[in-house]
Number of protein chains: 2
Amino acid sequence: MRLNHLTTLTIAAAISAALPSLHAATIRAPAELPAKPTVADAVKASTPADWRALDPANTLYMDIPAGRIVIELAPEFAPQHVANIKALVAEQYYDGLAITRAQDNWVAQWGDPDEKNPKAIRHAQRTLRGEFTVPMTTVTSFTRLPDADGYAPQVGHSNGFPSARDPKSGTAWLTHCYATVGVGRDVGSDSGGGTELYAVIGQSPRHLDRDITVVGRVVAGMPLLSTLPRGAGPMGFYDSPDKNVPIRSIRLAASLPAEQRVQMEVMRTDSAAYQAVLEAQRNRGGPWSKVQAGHLDLCNAPIPVREVAK
Amino acid sequence: MRLNHLTTLTIAAAISAALPSLHAATIRAPAELPAKPTVADAVKASTPADWRALDPANTLYMDIPAGRIVIELAPEFAPQHVANIKALVAEQYYDGLAITRAQDNWVAQWGDPDEKNPKAIRHAQRTLRGEFTVPMTTVTSFTRLPDADGYAPQVGHSNGFPSARDPKSGTAWLTHCYATVGVGRDVGSDSGGGTELYAVIGQSPRHLDRDITVVGRVVAGMPLLSTLPRGAGPMGFYDSPDKNVPIRSIRLAASLPAEQRVQMEVMRTDSAAYQAVLEAQRNRGGPWSKVQAGHLDLCNAPIPVREVAK
């Protein structure tokens, strides 16, 4: 095979006469990168101080027949919607509703499957003014990535959430990455309120950023959503009610006795340990990797989460 | 809610005294974008000349119990591996093997589940020299995206495949996007050959670009891979043989009678129609969208595929 390979290159060289670059290409491939810590190594090297426990007051447990999905809410980025979703949870609005949509490489969405006779809401709001961005000044933490981003002037992490900001407009927002949870809406900016929620199950749809209210992210249980049968209806909606996946309940962790809570920690994205994680992902060492990317897309930045013994 | 929202902003303004930016933030949200053609509209407006039929000589049908996965091979980017995969298919090497790995937000992988007694190969090669990049001059078509990319100097499409290139080194390569199919390998650059293949089922792992041989992409049947139960073993491998998903067969379309082939077309990525698709995705019109992204990531560029009547 070596001979064939070199032959190919020789022919190409004759065509292009770009010998130096081809030479570079041929010597680049076999080069061995020095070993360096992997993401797993960086996580292993972290200390307890590099982690924070999920705040029970901002953690949702969504239970479906297949198991539990844990969602961390981000009140800083959607204060009205997060408050309203908690109000909906408190009155057990979601219990008995269903996952009604799973569109491949897009989103899984849940809410009220019966649009004709929508479930009554007692105390919460059905719709709110969209919170597509918030003033930058209201975001307490932003650890910027040095990596360029096509969708936003600045990207990074805010307390464990992928986020972006635009100093020119003074706004900040949560970005659409895998596992991001947002608020389904109709055409109007103010037509959503949390009765319909979705989670990203595919390639990050960053073009939705600043166009819809994002309330948090799934920190555990993504496979329960990503492996859902895809809907055969338009936009991946299930084409018959029997295909909907029932939601047994959505609960706020704080509303449950401590022993019934999932004890989880998220790595602090403002820690040096997390910087090590990012660098391990941005420039992987040998021997498996032969080329370093030298770049890290926001949505390719892993956010370590771990369950801790009670 | 309007009042509450304004109150929030007023408080924030008091904190930040950044009134102009906050003002900008408040007036930007309600703005209505003019309607413009959607991706669906751009596809609808295309003409037959904007499409090409899949080449049966470079199309694989992978049949598993749940259905058929259609893979288009890209010989220009991995001539030796594509030839070898076709040789493996010709000797029905993959028949009876299995999907052995499904790692969430990563890849589904298939090959020989029995590493102790590997299936014999009659005529094809077991390993080849890695084809991580090819000389730019051997790529016949490259329609560059105007959008910046963090992982490569230039990105775009080559005959329906997301690709990148680096004029400095004179190299080009297929990129890792959702549905990209690559060649599993061991630590050595030359340790793969096509006996183990994978498809990306999550966020585009662009950091694998130029580090592994990419041979094509799944053009139909992705949900059959993306909804596979995730493996409980390390790296998402299934932790017991009974969980492996059997591969009934992998066939080259050209080896089947015409009436047994899936008649599919891919939009020509060098067509004006495709430019319209890209622009529709890059800058969506109203009324649903309120903000235009003004950017399109390579792996967010849809590549329209359609089945045509026989």
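All figures in this text were calculated on a predicted structure; none of them were measured in a lab. Hydrogens, waters and symmetry mates are skipped; everything else that's a heavy atom, side chains included, is used. The sequence lines fix the lettering, A, B, ..., with proteins before strands; numbering per chain opens at 1.
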Problem - Heavy-atom contact with chain B under 4.5 Å, split by part of A:D211 - result: both

Problem - Residues of residues 200-208 of chain A near chain B, each having a heavy atom less than 4.5 Å away - result: A:G202, A:Q203, A:S204, A:P205, A:R206, A:H207, A:L208

Problem - Those residues of residues 279-286 of chain A, ordered by number, that approach chain B below 4.5 Å (heavy atom to heavy atom) - result: A:Q281, A:R284

Problem - Interface residues of residues 296-305 of chain A facing chain B - heavy atom cut-off under 4.5 Å - result: A:L296, A:D297, A:C299, A:N300

Exercise for the section: Taking all heavy atoms of B:V187 and all of A:P287, pick out the closest pair and write down the distance. Expected result: CG1-CB, 3.7 Å

Exercise for the section: Would you mind listing every salt bridge (Lys or Arg N to Asp or Glu O under 4.0 Å) that reaches into residues 217-235 of chain A, with sequence neighbours excluded? Expected result: A:D104-A:R230

Practice task
Return the minimal non-hydrogen interatomic distance between A:W288 and B:D186, and the atom names on each side.
Solution key: NE1-O, 3.3 Å

Handout entry: Closest non-hydrogen atom pair, A:T227 against B:L228
Key = CG2-O, 3.4 Å

